[in-house]
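To start, the structure under review is shown below, and the notes come after it.
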Amino acid sequence: MTQQQAKELVRKVEENIFEVPIDFQEGMRVPGRIFVSDKLMNDLEVNTLRQVANVAMLPGIRKYSMAMPDAHFGYGFPIGGVAAFDAHEGIISPGGVGFDINCGVRIIRTDMEAGEVRPRISELMDELFKAVPSGVGSKSRLRVSGSELDDAFNYGAQWAVESGYGVEADIEHCEDGGFMDAADPLKVGDKARKRGKPQFGTLGSGNHFLEIQEVDKIYDPEIAKVYGIREGTITIMIHCGSRGAGHQICTDYLRVMEQASRKYGIDLPDKQLACAPADSREGQDYFKAMAAGANYAWANRQVITHWVRETFERFFGRDADELGMDLVYDVAHNVAKLEEHEIDGEKKSVYVHRKGATRAFPAGHKDIPPAYRSVGQPVLIPGSMGTPSYILHGGEGAMELTFGSACHGAGRVMGRGEAKRKFSGEVLEKQLAEMGITVRATHPSMLAEEAPEVYKSSSEVVNVVHELNIARKVVRVKPIGVAKG
DNA sequence: ATGTAC
């Protein structure tokens, strides 16, 4: 089948919804659903389409194998993929979560006016770059003992706050209260522990960043008010994950899952989809280790938040309280969760795999903090370097269409190697400076990898979920200072 | 994403 023929099999169901029919590929148990505009569909790689079809072949998958508008080719599952598997008849797969377990985003609001920060942004970025270590293999100035590491694996952001990194309100404003109860540090191997131990409070590299932003546009004033966000003020966004710890957990369990797939006779169209039955020992071991990795990431973002507050306090000579530096929300966009969803009129327990997809629960959902329950959870969509980020609120469409999920960002359209050849970090830095954006990076070449041109348009991606009522636009923020690994 | 290849 040629690429063109493969794409022609995909059928437009309605505006922004395309279906990969069940006969697209032999062995599919459910159809695929791709939530994209016509333009994004046109740009979608056939290999990504095939990955959607491959996921549809896995046991116990419910309703559809889904891809969000920012979907692109990933390890086994597409990035931007969402798949729910029955808690008993289904499977759990590390490939459906990704290497960076609980890669995620948080945003901190402030009462500071952009005009107060802009003139000093260069020095502020220098201070933040010093306070928060970044780059591949970067080490933290925080030293944790083995038992503290266990506590972090068990209790995530809650551990960090109890250890003095943050305030109680931070916990309430994290998805899942900043930790997954399922975590078991005993399921995390020595190598993952060893890699994770010195990396608490580090940003990492790639598309991870720490950004100072200005609230640029308000789409929904009432909900913006509920989230505590006012036009023209400064927000701070942190995008990072579980560093070497999560990466090693994924690597370790991929090996376990390869054997488990054989043991349980699961037919895999792609070895990278290695998985185990959800209620098998292997499946549960991975889930407990993954949850520990997710908790590590929440603790990591919490420690970074504390250092950002400290840096602001020193730099502006005022308390974080006085500056109004409250955490708005923190979301995980690489994770699997056991959730209840209505399937064909019945409540069912499913393991929802969100790999490059953000939970987007609507108003009234029990898992949303009380302060936000009347309007739906904040859905944080980071832009690529130099482009706007968005805060949306979860909508009813998410429960109807996507197992309570939305997109997670812009989505790459170009590989890192190609980007490095095509763009110069030094030129980009100058271009961004002309746009009023101050960048700090460990190396200019990494700026090239993250050039805005290597990503889809974040506004185009966000518009799709907005139009489908999966998550609706509340606020747009634009960067004025970016620190990258 | 990642001690960017065991």
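Order of the sequence lines fixes the chain letters, A, B, ..., with proteins taken first and strands second; residue numbering starts at 1 for each chain. Computed from a predicted structure; not experimentally measured.
Atom CE of A:M446 and atom P of B:dT2 are 9 Å apart (whole Å). Rounded to an integer number of Å, the gap from CD of A:E449 to C1' of B:dT2 is 12 Å. The NE2-P distance, from A:H247 to B:dA5, rounds to 10 Å in whole Å. With rounding to whole Å, A:L254 atom CG is found 16 Å from B:dC6 atom C1'. Between the CD1 atom of A:I101 and the P atom of B:dT2 there is a distance of 12 Å, given to the nearest Å. Atom pair A:Q248:CD and B:dC6:C1' shows a separation of 12 Å (rounding to whole Å applied). Distance, A:Y75 OH to B:dT2 P: 17 Å, rounded to whole Å. Atoms OH (A:Y296) and P (B:dT2) sit 11 Å apart, rounded to a whole Å.
Residues satisfying the ring pair (Phe, Tyr, Trp, His ring centres under 6.0 Å) criterion with A:H72, sequence neighbours excluded, are absent altogether.
Nucleic acid contact for A:G206: sugar-phosphate only, since backbone atoms but no base atoms lie under 4.0 Å from a heavy atom of the residue. Among the heavy atoms of the strands lying under 4.0 Å from A:Q199 are primed sugar atoms or P, OP1, OP2 only; no base atom is included. In this structure, A:G204 reaches the sugar-phosphate backbone alone: every heavy-atom distance under 4.0 Å involves primed, P, OP1 or OP2 atoms, never a base. Note on A:K420: nothing from the nucleic acid sits closer than 4.0 angstrom, heavy atoms only.
Put simply, the side chain of A:Y227 gets close to the backbone of A:Q377: a donor and an acceptor are under 3.5 Å apart.
In this structure, A:T251 does not reach the B:dT2 phosphate: none of its side-chain N or O atoms is under 4.0 Å from OP1 or OP2. Contact annotation: A:R416 does not reach the phosphate of B:dT4 (side-chain N/O to OP1 or OP2, under 4.0 Å).
Residues A:V136 and A:R412 both approach DNA chain B. Their nearest nucleotides, taken by heavy-atom distance, put A:R412 toward the 5′ side.
Taking the ring centre of A:F129 as origin, the terminal cationic atom of A:R440 falls outside the region bounded by 6.0 Å and 45° from the ring axis.
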Donor-acceptor pairs under 3.5 angstrom involving side-chain atoms of residues 383-392 of chain A: please list them, not counting sequence neighbours.
from: A:S384; atom 1: OG; to: A:T387; atom 2: OG1; distance (Å): 3.1
from: A:T387; atom 1: OG1; to: A:S384; atom 2: N; distance (Å): 2.9
from: A:T387; atom 1: OG1; to: A:S384; atom 2: O; distance (Å): 2.8
from: A:S389; atom 1: OG; to: A:G383; atom 2: N; distance (Å): 2.9

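Considering OG of A:S65 and CE of A:M57, their distance stands at 11.5 Å, rounded to 0.5 Å.
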